[in-house]
Amino acid sequence: MVLTWRAPVLAALGLVPVALLPRAQTVLVWTVVVAVVCALDALLAASPRRVAVVRETSRSVRLTQAATSTLTLTNGSGRRLRGLVRDAWVPSAGAAVNRHRLDLPDGESRRVRTALLPTRRGDRAADRVTIRTVGPFGVAGRQASLEVPGSVRVLPEFASRRHLPSRLARLREMDGRAAVQVRGEGTEFDSLREYVEGDDVRSIDWRATARRRDVVVRTWRPERDRRVLVVIDTGRTSAARIGEAPRIDASIEAALLLAALAGRAGDRVELVAFDRTARARVAGATGPRLLPALADALAPVGPVLLETDWTALAATVEQRLSQRALVVLLSALDASAVTTGLLPVARRMATRHQVVLASVADPEVVAAAAARGSSAEVYDAAAAARTVLERAAVADVLRRHRVEVVDAGPDELAPRLADTYLALKAAGRL
Amino acid sequence: MSAPAAPAREAVTDPPPRPSPVQGDGTSGRSRLRARWRRARLPLGLLLATAVVVLSVALLPAPSSIVPYAIDNAGPDGARAVAEILRDQGVDVVATTSSAEAAAAPAGTTLAIAPGLPLTPDERGDLADAGADLVLLDAGADLVSRATDGAVGSAYANAPRTTREARCDDADASAAGTATLGGSGLVSDDPDAVLCFPGAADEGAGYAVVRSGDRTVRVLSSADVVSNGALLDAGDAALALRALGHHDRLLWYVPDGGAPAAGTDAGLLPPWVGVVGLELLLVLVVVAIWRGRRTGRLVTEDLPVVVRASETTRGRGRLYRAGGSRGHAAAGLRALTAQRLAERLGVPRTADAGALVDAVARAAELSPDHVVHLLYGPPPTDDQALLLLAHELDILESEVHPL
């Protein structure tokens, strides 16, 4: 049984008879009156357990986008239902206004919508639906909380997609579809065509020219159908916060931009999220299905507080890749973690594949290295300098083993990785 | 050139399989009642147990009090023994701490006045005029004088307790024979007053009996005669029991200084205050029930771990500071500057320090000695020197431009 604000008002009204007849019995009688009215009202209220509830939600939504949760309530109680319904969600689902008034005649249905603005990636679950009905006097009523399953999958924000147009333009430049024809090392022979003014004279095919009366040039295009395997490290180092978000969020952003770019460039993109086992896998998705598949697979992936098993990861990579491929490892450039786990594995992998290690650097460390405010800050700066140097040293070791290293802040990592990909593609190193 | 936007993934609101409706929470009135009982069982049980304990404590015989000469005090200075013996002998012994009740003791009963907190003159007057036979135990001179109409006075000598002979013709005193008495002795010029148990010299008597009409006033110079501790001394028990046991009813008054006539503060508040208070209590209970029920439970969030990536670096800085490792700190700063300068000037990583120093000195137009001192000099001796070194390294970096 629940009471409304009218119940205390009713109880307070008892002051009138008490003023007229100031005796303890008056209070007793009024207490009984209040109790009887409340009980009667609760009995006459529609039963919240005889309301059929259906929850429909936006299936998936990108972070920062709004979603809705729609409850359809059908009153099967045989009475007019007046009251309140609460559509409870976890706090990070961002349900601001989730209590709705209800006035539902018997046998009818109503829809109530709760706007959601999720603040975290992943599957955001709905909690119970609470229906509170009040009786005809509006003094008391009944309440029931029903388990109505529902959840919204919140996909990664993919804020780095704003870098995609400029990178695609560069890709087209390389592709030969643009006005400028550039012959690069990493291009493969496409076709022959007649020379037009402005073409690079070095691309004239003299043998073909000799066979024909016109000057003929070769056209080139970048390699296609290369394999790109993106590996996201979800081990303990991915849990560390850089700015406001954990490192894994920046890794996911970079992975999505790279996948979008590589997908457009005609490469086959695969993805594995790995710590000690694979947390997410995407393979075989191409064209317009690629990015939704990646976002869906990465949405529930979170950091796991375990040390990444690099040996098992290498085995997974080898199992997936039968031919030379671009392997992008999105992990942390942490001196101790790299030398003990990643380095031997990356070195072996680099003999068969082109390996890129992309790591989210901490801008706070860089800022701390330049702080000179007080002697305390100088000590911090010295420690930050050490960290920067150690990262640089580790990066050097990796580069010596033919592993490309991309080390950038959370906002720059995605475009820098995309640039590295384009550079490798232009150089034909895929 | 088509817009190269990412494939738009807007909010999808079209789940084709419509979920089946949920009705009820799988409970019935009976199951809810059972669940509620199961939940309330333990607290109710505890409440009941507490009530039983409280009730039994309240109903158990009161523990011995510590008020001297109180008849429920079993200690050496209490009077429980004498009261119990009198009860065994069929005397109805009632204790009181109210002077009004004591003063109202009717004729045909005994009123014993034990020493306690001081009495006001009014109270002393009322008690002296009580209808009952009085037994004054170590009472003040004023009360003794008033109760005996001035027949008995105090000798103002504080005599030690000694065993004395009765030496009078009072039946009680003669029966007792001896008693241990002391205190301020009693004196009298009145022939009606019987003085017994005289002390040495001018110590006065230990016991006086004055009969006026059908009222008898007995005065004992020390109250220890009735105390548990001294009851067995000499003939104390006989004297006390006989003096107190003349009537079937004994009112035992120990002044406690408080409890003036009841009902004086009730008149300050209007009579309806209590009733309105009850009504407001009802309102309070209803408000508590109204606000006490949430609209559904609180929803919890599984929060991620919050560890800043820069935490280890900061920790290391604090370690440097705590240990005063200026050498380590300076070496770190110098190494970073050297690495940046080398990168900027195109000095290979494998080159030795001399090559770097030469390149820097040339680029910054500084003496090589100064550059050596900055980049490879001795560790700073205090925090100020470290701060200075950091600034000088910054200046050096800013002065070096690629050749």
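Values reported hereafter were calculated over all heavy atoms of this structure, with side chains retained and with hydrogens, waters and symmetry mates removed. In the text below, chain A, chain B and the rest are named by the order of the sequence lines, each starting its count at 1.
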ask   = Side chains of D25(B) and R49(A): does their closest heavy-atom pair fall under 4.5 Å?
value = yes
ask   = So, does R241(A) use its side chain to make a donor-acceptor pair with the main chain of S310(B) at under 3.5 Å?
value = no
request  = Heavy-atom distances under 4.5 Å only: say whether E279(B) touches chain A with side chain, backbone, both or neither.
outcome  = both
Please set out all donor-acceptor pairs under 3.5 angstrom arising from side-chain atoms of residues 385-398 of chain B, sequence neighbours excluded.
residue: D394(B); atom: OD1; partner: R372(A); partner atom: NH2; Å: 3.0
residue: D394(B); atom: OD2; partner: R372(A); partner atom: NE; Å: 2.9
residue: E397(B); atom: OE1; partner: R340(B); partner atom: NH1; Å: 3.3
residue: E397(B); atom: OE2; partner: T337(B); partner atom: OG1; Å: 3.3
residue: E397(B); atom: OE2; partner: R340(B); partner atom: NH1; Å: 3.3
residue: S398(B); atom: OG; partner: I395(B); partner atom: O; Å: 2.6

note = So, the part of T27(B) with a heavy atom under 4.5 Å from chain A: the answer is both
task = Would you check if the side chain of E301(B) reaches a backbone N or O of S92(A) as a donor-acceptor pair within less than 3.5 Å?
result = yes
message = Between V275(B) and V27(A), is there a side-chain heavy-atom distance shorter than 4.5 Å?
response = yes
ask   = Who passes side chain to side chain contact (heavy atoms under 4.5 Å, CB included) against R50(A), sequence neighbours left out?
value = S47(A), S77(A), Q23(B)
ask   = Contact part of R291(B) toward chain A, heavy-atom cut-off under 4.5 Å: side chain, backbone, both or neither?
value = neither
key: Among the listed options V148(A), I131(A), I242(A), T4(A), the residue most often paired with chain B at heavy-atom distances under 4.5 Å   = T4(A)
key: Portion of V388(A) that has a non-hydrogen atom of chain B nearer than 4.5 angstrom   = side chain
request  = Give a yes or no answer on whether the side chain of R293(B) reaches the backbone of V2(A) with a donor-acceptor pair at less than 3.5 Å.
outcome  = no
inquiry  = What part of R294(B) gets within 4.5 angstrom of chain A, counting heavy atoms only: side chain, backbone, both, or neither?
reply    = backbone
inquiry  = Under the criterion side chain to side chain donor-acceptor pair (under 3.5 Å), I'd like the reasoning laid out for Y379(A) against D383(B): C-alpha separation, chi angles, the key distance, then a yes or no.
reply    = CA-CA 9 Å; Y379(A) 280 114; D383(B) 284 1; 2.7 Å; yes
inquiry  = For chain B, which candidate among A88(A), A239(A), G243(A), C38(A) shows the most heavy-atom pairs at distances under 4.5 Å?
reply    = G243(A)
remark   = dist R316(B):CZ -> R386(A):CZ (nearest 0.5 Å) comes out at 6.5 Å
key: Point-to-point distance, once rounded to the nearest 0.5 Å, from OG1 of T295(B) to CG of L84(A)   = 6.0 Å
query = Mind checking whether W272(B) and V18(A) have side chains closer than 4.5 Å, heavy atoms only?
reply = no
request  = Select one option (side chain, backbone, both, neither) describing which atoms of A288(B) are under 4.5 Å from chain A's heavy atoms.
outcome  = neither
